[in-house]
Number of protein chains: 2
Amino acid sequence: MVLLAIRDDRLSLLLIRRASEPFRGCWALPGGFVLERESLDAAAARELAEEAGVTRVHLEPFGVYGDPDRDPRGRVISVGYVALVRADELVLQAATDADAAAWFPLDEPPALAFDHPRIVADARAHLRDALDREPVGAELLPESFSLAALQRVHEAVVGHAIDKRNFRRKVLAEGLVEAIEGELAGGAHRPAQLYRYAGRRGEAKREVGR
Amino acid sequence: MVLLAIRDDRLSLLLIRRASEPFRGCWALPGGFVLERESLDAAAARELAEEAGVTRVHLEPFGVYGDPDRDPRGRVISVGYVALVRADELVLQAATDADAAAWFPLDEPPALAFDHPRIVADARAHLRDALDREPVGAELLPESFSLAALQRVHEAVVGHAIDKRNFRRKVLAEGLVEAIEGELAGGAHRPAQLYRYAGRRGEAKREVGR
DNA sequence: CCAAAAGTGTTCGAAGTACACCCATGC
DNA sequence: GCATGGGTGTACTTCGAACACTTTTGG
């Protein structure tokens, strides 16, 4: 599970410090096993609820990892999921030792156990592809947010700076986002207009083929 | 395994007629089980060699299917692979009963067993996305081919007609394809210039799982 | 008044889309 | 000579990229 949330304005990744061999002391992705009568999506949702105490999340599978030697303990086939959660809905559970779990910026992850570096890279690539198909920001930001915050999310996903004017024009033209009453006074500077995701995005969408 | 090849100028799909319950008599995708010490890619390649007698193929995973009720006999988790093979390299093996396997046009598949309709749809969507990232045609067509043949492949994948002039300009501008000596005299009409795929361009290639 | 972030338009090139006619061949 | 598919160019639109200054606030 590649569990992402915005922390301190950065897109960050939850990692678990391994308490036992192999890779003892290394950081690793959270995860777990699928139960006997459980779909993969349900397993991912259950794990997520256990680890992070969240239920309303965007969960999407992006790859399968089945090399027979990827886990020295034996054969494990993993399905990678990206989970986008709102920081304000996040409650790390008691089950997860406080000092055994930590957030890292997605762009600067620490050394990871197993084939997890590759899994993180794949997750990011998947997210990049999904960025202009799905309201990624809606899953990560609170109900109302400034366009600057949304832009930071997009920049973290694509990995480079985006021109402010181009970005604003684009998201507003898409109609995914709309201004709402209220401003966000954040500090020693001009307060920002607040926005929210507009109702269903089916409006401006045209169907192609069948 | 969604095994595709060009048959009679159409992009076609290999299906197996089920000999036993459940879904006896229905058409289904070919496939098999992963061995104990085998990667998923290796399993797919092995199955493909057994079913179709081909080894040089483009094989790519595109999805995982793990609903606990997808197979009434018990829990089966499947990884979907698209395989693109050249018709001239294809040899259906003795292992595959001649009348138990058949090709169907990808656009008009018959009723399928299990959740296979969805898998086929996903494979097609995946292929559509991959179309301008990867030399899909190179895997399906013989060494040399006419641009019209390549265009038919693309049209089958995207599901609608493409303007001839725009298509030719685009593939030639990309430099993926180059004219070679020779023409293809095909019938009661002007013979077509032959082309082949040019040496790899520095295209960023991305895989979905391993 | 200064620092810090918010907000705002125009121009350019690239890429895609629409569209109609002549060409070479076998019969 | 005619039917069949092969081959070619131009205009328009759309999208993304580059680019700099003014505004509002807190300190």
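Given the structure is predicted, the values throughout are model-derived calculations rather than measurements. Letters A, B, ... are given to chains in the order of the sequence lines, protein chains preceding strands, and every chain is numbered from 1.
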Taking only distance into account, with no hydrogens and no angle test, what donor-acceptor pairs under 3.5 Å do side-chain atoms of residues 82-91 of chain A form with protein atoms, sequence neighbours excluded?
unit_1, atom_1, unit_2, atom_2, d
A:Arg86, NE, A:Ala138, O, 3.2
A:Arg86, NE, A:Leu141, O, 2.9
A:Arg86, NH2, A:Ala138, O, 2.9
A:Glu89, OE2, A:Arg56, NH1, 3.0

Polar pairs (N or O, both sides) under 3.5 Å between protein and nucleotides 12-17 of chain D?
unit_1, atom_1, unit_2, atom_2, d
D:dA17, N7, A:Asn166, ND2, 3.4

Atom [atom1] of [X] and atom [atom2] of [N]: how far apart are they, to the nearest Å?
X	N	atom1	atom2	result
B:Leu172	C:dA15	CG	C1'	16 Å
A:Asp163	C:dT8	CG	P	14 Å
A:Asp9	C:dA5	CG	P	10 Å
B:Arg165	C:dC22	CZ	P	13 Å

Holding to side-chain contact (heavy atoms from CB on, under 4.5 Å), I want the full list of residues that pass it with [X], two or more places apart in sequence or in another chain.
X	answer
A:Ala43	A:Val34, A:Glu38, A:Arg46
B:Glu47	B:Met1, B:Glu50, B:Glu51
B:Arg169	B:Asn166

Could you tell me which non-hydrogen atom of A:Val76 sits nearest to which non-hydrogen atom of A:Ser78, and how far apart they are?
->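 Here A:Val76 and A:Ser78 meet closest at CG1-OG, 3.8 Å.
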
Aromatic plane relationship, A:Trp27 with A:Phe104 - under 30° parallel, 30 to 60° tilted, over 60° perpendicular =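 Geometry flag for A:Trp27 against A:Phe104: perpendicular rings.
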
Could you tell me whether the side chain of B:Leu15 reaches within less than 4.5 Å of the side chain of B:Pro110, counting heavy atoms only?
->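 When only atoms from C-beta onward are counted, B:Leu15 and B:Pro110 do touch, with a gap below 4.5 Å.
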
Interface residues of residues 145-158 of chain B with DNA chain D (non-hydrogen, below 4.0 angstrom) |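 Per residue number, the list reads B:Ala148.
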
For [X], what residues pass the ring pair (Phe, Tyr, Trp, His ring centres under 6.0 Å) criterion, not counting sequence neighbours?
X	value
B:Phe114	B:Phe23, B:His116
A:His154	A:Phe167
B:Tyr195	none

Would you please confirm or rule out a distance under 4.0 Å between OP1 or OP2 of D:dG7 and any side-chain N or O of B:Arg168?
->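 Indeed, a polar side-chain atom of B:Arg168 lies that close.
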
Atom CD in A:Glu178, atom CG in A:Leu172: separation rounded to 0.5 Å?
->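 The CG atom of A:Leu172 is 10.5 Å from CD of A:Glu178, to the nearest 0.5 Å.
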
For the helix from C:dC1-D:dG27 to C:dC27-D:dG1, what angle lies between the axis at the first five pairs and the axis at the last five pairs, to 10 degrees?
->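 It works out to 0° between the end axes.
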
Which letter, B, S or -, goes with each nucleotide of nucleotides 21-27 of chain D from 5' to 3', with contact meaning a protein heavy atom under 4.0 Å?
-> --BBBS-

Sequence neighbours left out, what pairs pass salt bridge (charged side-chain N to carboxylate O under 4.0 Å, His left out) with at least one residue falling in residues 145-167 of chain B?
->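 Passing the test, one end in residues 145-167 of chain B: B:Asp9-B:Arg152.
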
Are the side chain of B:Gln193 and the backbone of B:Glu181 linked by a donor-acceptor contact shorter than 3.5 Å?
->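 Side chain of B:Gln193 to backbone of B:Glu181: no pair is present.
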
